[in-house]
Amino acid sequence: MELYKENQLKIYNSLSKSKEVFETVTEGRVGMYVCGPTVYSNVHLGNLRTFMSFDMVFRYLLHLGYKVRYVRNITDAGHLESDAEEGEDKIAKKARLEEIEPMEVVQRYTVDFHEVTAKYNFLPPSIEPTATGHIVEQIEMIKEIMDKGLAYEVNGSVYFDVLKYNEEGNNYGVLSGRNVEDAIHNTRALDGQSEKKNPQDFALWKKADERHIMRWPSPWSDGFPGWHLECSVMSSKYLGEQIDIHGGGMDLKFPHHECEIAQSHACSGVQPVNYWMHANMLLLNGQKMSKSTGNSILPDEILSGDNTILSKAFGPGVVRFFAMQAHYRSILDFSNDALLASEKGYNKLMEALSILKELKASKESSFDVQAWKQKCYDAMNDDFNTPILIANLFEAVKFINQIKDNKATISSADLELLSATLNSFVFDILGLVNDSKEQGSDKLEGVVELLIKLRKEARDNKDWALSDQIRDELAGLGIQLKDGREGTTFSVN
Ligand code: AMP
Ligand code: ZN
């Protein structure tokens, strides 16, 4: 199925600052690179929102019939504190504080990231390369940039020469819109301390001081690569000199992505990325969710309800629904009330999907299912407009409930089309999961039914102590038994 031929997808390109018709470098094939997590701590819900936006993009591209190679890296070295040029490596710092090896930190949080993304129903990327697995390639790229005369060495460190790059007719600032030359002239006098020629120059290689335990030999010093370099190296290695889509959170636009463009362009002479996509921030208490300020909540805390912000636990389907109710380029405010509201909408949607299974067809439809389907695609084709898509899905929900109440009718062909389309958008594209059918819930049901049976046997034998014990201990686990005329039922809190 090559739906992409019928559907003109438009993507907002941060580079041109406009929506453009999506054209791939190679017909029908998409190369997409997304900056992955720095594995020095658990990902918070903000990080997850960004990755979820690209999971949705990946899913829609696949749905349209593109062959997608999706590369999302793991940053396991080189990302310094506060994204600055100085300071300790985030992973090395964590290792020092916890008195473990840096690679133990990397392993722990990589595993955690994979567990979280699996719980939240992410599709795995096609390739997940690591920075430390590509040190050789990074050293090669630095050599190439030096050969072009666009980098210089000072005291064992190598810096990219931003001013020279711009003097050669390039535009460092093309993505972020920053006027770098003005910035250079204004700040030069203030920056007497640095070994860089200009404060805007950025590190390609840093010499490691004696404290820095993550180090590799290079022609310049025992040291480590600059953070921006890994993405230039891994995107070109796995996707080529020109890739279709490069994504990341909005806060990576500058300096990270600006530096990536300069490095890659310095080597290849071409614009490395056709569509730059940036996902907007998740806010908590009006501020960007961020681990370092403590203003964050973890994906696992949402699933357990174990955080004072939350009144209860929420399933992954509700959280995905909450995230998809906002456009990926809009900021999104997190709160318990917002999740409660999303849960209502989500439950309505899931309920309609189960009603749909039982609906009976009539001769004619009183709803134009074909036109509705096109509206769903139109929404997604307009820069992945998931909030509009969801509004359309709720038109279908309304229609389904009307059919159930005998206030509307649907033909059998339309019933099939409605069911196939709704299921695709809800499960394949938005990636929602039916939380009520979470893995293991049917097993729990079986176990509780067994206990109810044993309790009945105890009661029949007048063993009140055992029957009360079963009821009370289940209540302690949040499972309430209710004795009625039809027998005993249960509910889970
Ligand atoms: P990091 O692990 O710090 O490299 O971040 C991983 C991804 O999460 C990057 O794409 C960031 O832009 C993104 N990110 C960080 N904070 C937030 C937030 N509050 N909301 C959405 N995305 C975020
Ligand atoms: Zn990156």
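Numbering of residues begins at 1 and proceeds along the displayed sequence. We count ligands from 1, going down the list as the structure has it; atoms in each ligand are counted the same way.
No side-chain donor-acceptor contact under 3.5 Å links Arg329 to the backbone of Asn280.
Side chains of Tyr238 and His134: a donor on one and an acceptor on the other come within 3.5 Å. Ser342 and Gln325 share a donor-acceptor pair across their side chains, judged by distance under 3.5 Å alone. Side-chain contact check for Tyr152 and Asp201: at least one donor-acceptor pair (N or O, by modelled atom type) lies under 3.5 Å.
Distance from atom 10 (O) of ligand 1 to its nearest protein heavy atom, with residue and atom name: Gly249 N, 3.0 Å. Protein heavy atom in closest approach to atom 22 (N) of ligand 1: Thr50 OG1, 2.7 Å. In terms of protein heavy-atom proximity, atom 18 (C) of ligand 1 is nearest to Met281 SD, 3.4 Å. Regarding atom 5 (O) of ligand 1, its nearest protein heavy-atom neighbour is Asn47 ND2, 3.5 Å. The nearest protein atom to atom 11 (C) of ligand 1, hydrogens excluded, is given as Asp251 OD1, 3.4 Å; this is a heavy-atom distance. In terms of protein heavy-atom proximity, atom 23 (C) of ligand 1 is nearest to Gly46 O, 3.6 Å. Considering only non-hydrogen protein atoms, atom 20 (N) of ligand 1 sits nearest to Leu282 N, 2.8 Å.
With a 4.0 Å cut-off on non-hydrogen atoms, Asn280 touches ligand 1 through its backbone and not its side chain.
Some N or O of Thr38 is nearer than 3.5 Å to an N or O of ligand 1, by distance alone. Where the criterion is an N or O separation shorter than 3.5 Å, residue side chain and backbone included, Met289 meets it with respect to ligand 1.
Atoms of ligand 1 found under 4.0 Å from any heavy atom of Pro37, numbered from 1 in the order shown, are 2 (O). Taking every heavy atom of Phe51 and a limit of under 4.0 angstrom, the matching atoms of ligand 1 come to 6 (C), 7 (C). Of all atoms in ligand 1, numbered sequentially from 1 with element shown, those under 4.0 Å from a heavy atom of Lys288 are 16 (N), 19 (N). If you number the atoms of ligand 1 from 1 as listed, the ones under 4.0 Å from a heavy atom of Leu252 come out as 9 (C), 10 (O), 12 (O).
Taking the six-membered ring where the residue is Trp, Phe334 and Phe322 present perpendicular rings, their angle passing 60° and hence far from 30°.
Taking 4.0 Å as the cut-off between side-chain N and carboxylate O, Arg178 and Glu258 do not count as a salt-bridged pair. A salt bridge does not link Lys207 with Glu195: every distance from a Lys NZ or Arg NE/NH1/NH2 to an Asp or Glu carboxylate oxygen is 4.0 Å or more. A salt bridge links Arg108 with Glu98; the closest basic N to acidic carboxylate O contact falls under 4.0 Å.
The Zn ion (ligand 2) has an N, O or S atom of His256 closer than 2.8 Å. The nearest N, O or S atom of His228 is not closer to the Zn ion (ligand 2) than 2.8 Å.
Residue Lys291 places every heavy atom at 4.0 Å or more from ligand 1.
In this structure, Tyr70 has its ring center closer than 6.0 angstrom to the ring center of Phe58. Aromatic rings from Phe22 and Tyr66 are positioned such that their centres are separated by under 6.0 Å.
For the ring-ring contact (aromatic ring centres under 6.0 Å, His included) with His278, the qualifying choice from His246, His256, His257 is His257, the only one to do so.
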